[in-house]
Amino acid sequence: MIVSFADSLTEKIFFGEKLTRKEMRSIGDLNLAKAQERLAVLNQATESDLLSLSVLHYHALRGSERYSIDAASRRSKWRITFRWKDQKL
């Protein structure tokens with residue numbers, strides 16, 4: 001379950017709120033529907049769920065306790081990074 005967001009734009013995308021023109025320009029070619037879908041999956045998933053869904057390209061980030069999944073597709077530059085609740089930063 002997602003507990004908090006590092007930035008307000010990601011939170012707005014998760015809750016399906018309307019984005020301003022400036023916010024839309026800042027995300028460029030990101031597929032909002034796909035990103036919202038990925039955030040919903042992440043909200044419900046366990047680590048084993050993410051490991052079984054290869055399309056998400058779930059992996060640990062080197063040198064930190066953070067993890068990443070693709071926000072839209074493998075070709076997209078956008079990633080969703082997060083840490084698991086039981087891990088300390």
Side-chain angles (χ1 to χ4, degrees):
M1 178 201 296
I2 296 174
V3 177
S4 65
F5 293 88
D7 68 284
S8 61
L9 183 54
T10 305
E11 187 172 9
K12 284 177 86 170
I13 292 170
F14 177 71
F15 288 112
E17 296 175 13
K18 187 169 174 57
L19 303 181
T20 65
R21 283 187 201 193
K22 184 177 179 180
E23 290 168 332
M24 289 297 292
R25 278 194 308 273
S26 74
I27 61 171
D29 65 348
L30 176 64
N31 181 332
L32 282 178
K34 187 68 82 169
Q36 191 173 24
E37 175 186 303
R38 300 280 168 97
L39 286 166
V41 166
L42 184 58
N43 189 46
Q44 298 297 318
T46 64
E47 187 169 19
S48 62
D49 295 335
L50 296 179
L51 288 168
S52 68
L53 297 170
S54 62
V55 70
L56 297 178
H57 300 282
Y58 169 71
H59 62 280
L61 297 176
R62 267 188 259 159
S64 73
E65 294 179 344
R66 299 182 69 78
Y67 297 85
S68 174
I69 62 173
D70 292 343
S73 71
R74 194 64 182 157
R75 290 174 285 171
S76 172
K77 66 179 180 178
W78 299 100
R79 305 288 177 261
I80 298 169
T81 59
F82 60 95
R83 67 183 175 95
W84 292 103
K85 184 179 179 182
D86 60 349
Q87 289 184 334
K88 305 284 188 244
L89 211 147

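Side-chain atoms are counted along with the backbone in the values below, which use heavy atoms only and exclude waters and symmetry mates. This structure is a prediction, so every number in the text was calculated from the model and none was measured.
Around the NZ atom of Lys34, the shell of radius 6.0 Å holds no more than 12 heavy atoms that belong to other residues, nucleotides or ligands.
A distance of 9.5 Å separates NZ in Lys77 from CG in Leu30, rounded to the nearest 0.5 Å. With rounding to the nearest 0.5 angstrom, the OG1 atom of Thr10 is 10.0 Å from the CD1 atom of Ile27. Atom-to-atom distance recorded for Ser8:OG and Glu23:CD is 6.5 Å, nearest 0.5 angstrom. With rounding to the nearest 0.5 Å, the separation of CD1 in Ile69 from CZ in Arg79 is 10.5 Å. The CZ atom of Phe5 lies 6.5 Å from the CG atom of Leu39; values are rounded to the nearest 0.5 Å.
Inter-residue side-chain proximity for Trp78 and Asn31 is flagged as unmet; no heavy-atom pair is nearer than 4.5 Å. Leu50 places none of its side-chain heavy atoms less than 4.5 Å from the side chain of Tyr67.
Across Lys12 and Leu19, no two heavy atoms sit closer than the pair CB-CD2, 3.8 Å. Nearest heavy-atom pair, Asn43 versus Ile2, reported as atom, atom and distance to 0.1 Å: OD1-N, 2.7 Å.
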Side-chain donor-acceptor contacts of residues 56-64 below 3.5 Å, not counting sequence neighbours, with atom names and distances?
residue : atom : partner : partner atom : Å
Tyr58   : OH   : Glu47   : OE2          : 2.7
Tyr58   : OH   : Trp84   : NE1          : 3.1
His59   : ND1  : His57   : O            : 2.9
Ser64   : OG   : Arg66   : N            : 3.2

### Query
Does the pair Ser52 and Asp49 meet the rule for a side chain to side chain donor-acceptor pair (under 3.5 Å), with working shown?
CA-CA 5 Å; Ser52 68; Asp49 295 335; 5.2 Å; no
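A continuous path of ILVMFWY side-chain contacts below 4.5 Å connects Leu42 to Phe15, so both sit in one hydrophobic cluster.
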